[in-house]
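Comments concern the structure below.
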Amino acid sequence: MEIKRYGIAGSGVMGSGLAQALARFDLDTVIVDKSEDAIEKARENIYQGLRFYCFSNKDFDPDAAMKRIQFDTSPKAFSDVDFLVENITENTTLKEPLYHEIDSICKPECIFAANTSAISITKIASWTKRQDKVLGMHFMNPVPMKPAVEVIRGFHTSDTTIETAKAFLSDIGKKAIIVNDMPGFVSNRVLMLTVNEAIWLVQDNVANAKDVDEIFRSCFGHPMGPLETGDLIGLDTILYSLDVLYESYNDSKFRPCPLLKKMVDAGLHGRKSGEGFYKY
């Protein structure tokens with residue numbers, strides 16, 4: 001399947017990062033969010049990211065790349081896209097209505113890729129009339145810098161859909177790692193437990209955030225500790241993901257730490273809010 005135009009639903013950190021990645025390769029893209037404020041913020045973030053890219057790629061023209069991106073507040077702008085990546089908040093009550101809407105707007109052959117960290121792809125596909133054309137594409141943050149993507153095959157996902165997704169990722173310099181569908185997949189089934197347990201360590205006064213992270217950096221060679229990673233992902237997203245895993249598996253090991261809930265309620269969501277376990 002030839003992809004001529006890409007769609008991105010959601011212009012937050014992940015959506016804006018993906019738009020940057022596509023713009024680097026001169027791909028026609030439309031990015032949609034529900035508010036003008038969100039769109040303007042995304043436009044600024046994408047342009048700044050593309051300008052930064054110029055420092056190491058002197059021949060790249062960020063202004064020309066920006067002209068390949070259409071910004072809109074209506075999902076109707078997706079009517080002519082061939083491949084759509086959904087990046088909205090990790091919450092099924094928000095995601096499901098969107099899928100019903102885009103399923104009625106997009107052409108039948110359009111592929112839907114859910115950029116989710118925990119929600120079952122088979123469940124997401126059930127919200128559409130194109131279950132064979134729905135897959136998971138779990139991009140990592142920051143999207144432009146990560147060399148690989150966790151690609152999830154749902155129960156009905158066709159081989160053609162998987163191959164098209166692999167070709168798309170190859171076109172933007174990323175490797176597809178194919179896994180099967182279970183809530184949390186590989187990455188977040190392990191990572192969410194790690195971040196949550198690290199938060200328990202802080203709550204239980206075993207160690208402060210800085211020392212927890214230092215152990216993972218210095219002893220295990222990790223570039224970031226689990227709490228730094230949580231701040232980067234967004235502590236609200238960590239909580240949403242844990243809630244999904246807890247509900248999906250009915251296993252107490254996914255029970256969110258009370259300190260995590262308290263911080264999210266207080267608006268301490270990590271880097272995007274300016275403060276989480278660290279100040280930014």
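Only this structure's heavy atoms are used, side chains among them; waters, hydrogens and symmetry mates stay out.
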State yes or no: do [X] and [Y] share one hydrophobic cluster built from I, L, V, M, F, W and Y residues joined by side-chain heavy-atom distances below 4.5 Å, directly or via other members?
X	Y	value
Tyr53	Ile31	yes
Trp200	Val212	no
Val30	Leu50	no
Trp127	Val32	yes
Val85	Ile105	no

Are side-chain N/O atoms of [X] and [Y] paired as donor and acceptor at under 3.5 Å?
X	Y	answer
Asp181	Thr122	yes
Ser74	Asp72	no
Ser218	Glu214	yes

### Message
Please determine whether a side-chain nitrogen of the Lys or Arg among Glu163 and Lys166 lies less than 4.0 Å from a carboxylate oxygen of the Asp or Glu.
### Response
yes
### Query
Is any side-chain N of the basic residue among Arg130 and Asp103 closer than 4.0 Å to the acidic one's carboxylate O?
yes
[X] atom [atom1], over 12 foreign heavy atoms within 6.0 Å:
X	atom1	answer
Lys34	NZ	no
Glu247	CD	no
Arg217	CZ	yes
Phe155	CZ	no
Lys107	NZ	yes
Lys95	NZ	yes

With no hydrogens and no angle check, is any side-chain donor or acceptor of [X] less than 3.5 Å from a backbone partner on [Y]?
X	Y	result
Asp204	Val206	no
Ser120	Pro183	no
Asp61	Ala64	yes
Ser104	Glu101	yes
Lys279	Gly276	no
Ser170	Ala167	no
Asp28	Arg5	no
Ser273	Gly267	yes
Asn196	Met192	no
Glu90	Tyr240	no

Where do [X] and [Y] come nearest, in terms of heavy atoms and distance?
X	Y	value
Ala114	Ile124	CB-CD1, 3.7 Å
Tyr47	Pro62	CE1-CB, 4.0 Å
Phe71	Ala42	CE2-C, 4.4 Å
Ile8	Phe78	O-CZ, 3.5 Å
Ile69	Ala23	CD1-CB, 3.9 Å

Less than 3.5 Å apart, which donor and acceptor atoms pair up between the side chains of residues 132-154 and the rest of the protein, not counting sequence neighbours?
| unit_1 | atom_1 | unit_2 | atom_2 | d |
| --- | --- | --- | --- | --- |
| His138 | ND1 | Glu150 | OE1 | 2.9 |
| His138 | ND1 | Ser187 | OG | 3.1 |
| Asn141 | ND2 | Leu232 | O | 3.3 |
| Glu150 | OE1 | Ser187 | OG | 2.5 |
| Glu150 | OE2 | Val186 | N | 2.9 |
| Glu150 | OE2 | Ser187 | N | 3.1 |
| Arg153 | NH1 | Asp159 | OD1 | 2.9 |

### Message
Just to verify, which of Leu193, Leu260, Asn188 counts as forming a side chain to side chain contact (heavy atoms under 4.5 Å, CB included) with Leu242?
### Response
Leu260
## Note on the structure
Which of Asp33, Leu98, Thr116 passes side chain to side chain contact (heavy atoms under 4.5 Å, CB included) with Ile88? Answer is Leu98
Calculate, to the nearest 0.5 Å, the distance between atoms [atom1] and [atom2] belonging to [X] and [Y] respectively.
X	Y	atom1	atom2	value
Phe60	Arg51	CZ	CZ	12.5 Å
Ile119	Ser241	CD1	OG	8.0 Å
Asn87	Leu18	CG	CG	6.0 Å

### Query
Can you list every pair that meets ring pair (Phe, Tyr, Trp, His ring centres under 6.0 Å) and has a residue in residues 254-280, with sequence neighbours left out?
Tyr249-Phe254
So, do [X] and [Y] sit near enough that their side-chain heavy atoms are less than 4.5 Å apart?
X	Y	value
Thr73	Glu36	yes
Ile233	Val195	no
Glu96	Tyr99	no
Asp213	Met224	no
Thr229	Thr194	no
Thr164	Phe168	no
Glu228	His222	no

### Query
Do the rings of Tyr6 and Phe83 sit parallel, tilted or perpendicular, given the 30° and 60° boundaries?
tilted
### Task
Verify side-chain hydrogen bond (donor to acceptor under 3.5 Å, both in side chains) between Asn91 and Thr93, making sure each step is shown before the conclusion.
CA-CA 6 Å; Asn91 188 320; Thr93 60; 2.5 Å; yes
